[in-house]
A.B. asks: 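Sharing a structure, written as structure tokens. Questions coming.
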Amino acid sequence: VVLLEGNYLLLDEGDWAQVRELVDDCWFIQVDLDEAMERVVRRHMAAWGWDEEQARARVEYNDRPNAELIATTQANARKIVPSLPL
């Protein structure tokens, strides 16, 4: 059994589109976008020692646009699983 985790595994474009041909199953963990971004802010602060302003700036220019793209791929998943509250 090999478990793959990655934001881009359900994309229909580029090399990522070929990944689904190699796996038996794909699930999407669904979480409210704003909640997900709050989690990322906290993770950046804890992992990198950034203050809240630095973490939020990173989220707005990098993480949120990626998350918005990834949210469009959930229809490519066989199963959508709701995230648990943290």
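Computation of the quantities below employed the complete heavy-atom set of this structure, encompassing side-chain atoms and omitting hydrogens, waters and symmetry-equivalent molecules. Since the model is a prediction, treat every value here as computed from it, not as a measurement.
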A.B. asks: To the closest 0.5 Å, what do you measure between CZ (Arg58) and CH2 (Trp48)?
C.D. replies: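 So the gap between those two atoms works out to 8.5 Å.
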
A.B. asks: Just checking Asp25: does its CG atom have more than 12 heavy atoms from other residues, nucleotides or ligands closer to it than 6.0 angstrom?
C.D. replies: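 Count over threshold, so yes.
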
A.B. asks: I need the Glu38 CD to Arg56 CZ distance, nearest 0.5 Å.
C.D. replies: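 Result: 4.0 Å between the selected atoms.
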
A.B. asks: Check the surroundings of atom CG in Asp32: do more than 12 heavy atoms from other residues, nucleotides or ligands lie under 6.0 Å from it?
C.D. replies: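 Yes - once you tally the heavy atoms of other residues, nucleotides and ligands closer than 6.0 Å, there are more than 12.
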
A.B. asks: Report the distance from atom CG of Asp63 to atom CG of Leu33, rounding to the nearest 0.5 Å.
C.D. replies: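 Nearest 0.5 Å value for the CG-CG distance: 10.5 Å.
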
A.B. asks: Could you please spell out the steps behind the side chain to side chain contact (heavy atoms under 4.5 Å, CB included) verdict for Phe28 and Asn76?
C.D. replies: CA-CA 9 Å; Phe28 184 93; Asn76 295 332; over 6 Å; no

A.B. asks: Glu60 side chain to Ala57 main-chain N or O, any donor-acceptor pair under 3.5 Å?
C.D. replies: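 No: the side chain of Glu60 does not pair with the backbone of Ala57.
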
A.B. asks: Can you tell me how far apart CD (Gln74) and CD1 (Ile29) are? Round to the nearest 0.5 Å.
C.D. replies: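 Answer for the CD-CD1 pair, Gln74 versus Ile29, is 11.0 Å.
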
A.B. asks: Are Arg78 and Trp27 packed together at the side-chain level, in the sense that at least one heavy-atom pair is separated by less than 4.5 angstrom?
C.D. replies: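 SC-SC contact between Arg78 and Trp27 confirmed.
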
A.B. asks: Could you tell me the separation between the NE2 atom of His44 and the CZ atom of Arg39, rounded to the nearest 0.5 Å?
C.D. replies: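 If I round to the nearest 0.5 Å, the distance is 14.0 Å.
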
A.B. asks: Might you work through the side chain to side chain contact (heavy atoms under 4.5 Å, CB included) test for Arg64 and Asp34, ending with a clear yes or no?
C.D. replies: CA-CA 9 Å; Arg64 183 175 287 276; Asp34 290 331; 3.1 Å; yes

A.B. asks: Applying a strict under-4.5 Å side-chain criterion to I, L, V, M, F, W and Y, I'd like to know whether Leu69 and Leu9 cluster together.
C.D. replies: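 Yes, one cluster joins them.
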
A.B. asks: Before giving the answer on side chain to side chain contact (heavy atoms under 4.5 Å, CB included), spell out for Asn66 and Tyr8 the whole-Å C-alpha distance, their side-chain angles and the decisive distance to 0.1 Å.
C.D. replies: CA-CA 9 Å; Asn66 282 335; Tyr8 303 110; 3.2 Å; yes

A.B. asks: To the nearest 0.5 Å, how far apart are CG in Leu11 and CD1 in Ile70?
C.D. replies: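 The distance works out to 5.0 Å.
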
A.B. asks: Minimum heavy-atom separation for Cys26 to Leu10, with atom names?
C.D. replies: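 Result for this residue pair: CB-CD2, 3.5 Å.
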
A.B. asks: Ignoring hydrogens, what is the shortest heavy-atom contact between Pro65 and Val59? Give both atom names and the distance.
C.D. replies: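 Residues Pro65 and Val59, closest heavy atoms: CD-O, 3.9 Å.
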
A.B. asks: Kindly check if the number of other-residue, nucleotide or ligand heavy atoms within 6.0 Å of CD (Glu68) is above 12?
C.D. replies: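 Result for CD/Glu68: enclosed.
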
A.B. asks: Starting from Val2, can I reach Leu22 by hopping between I/L/V/M/F/W/Y residues whose side chains sit under 4.5 Å apart?
C.D. replies: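 No, because Leu22 and Val2 fall into different hydrophobic clusters, even though each may have its own neighbours under 4.5 Å.
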
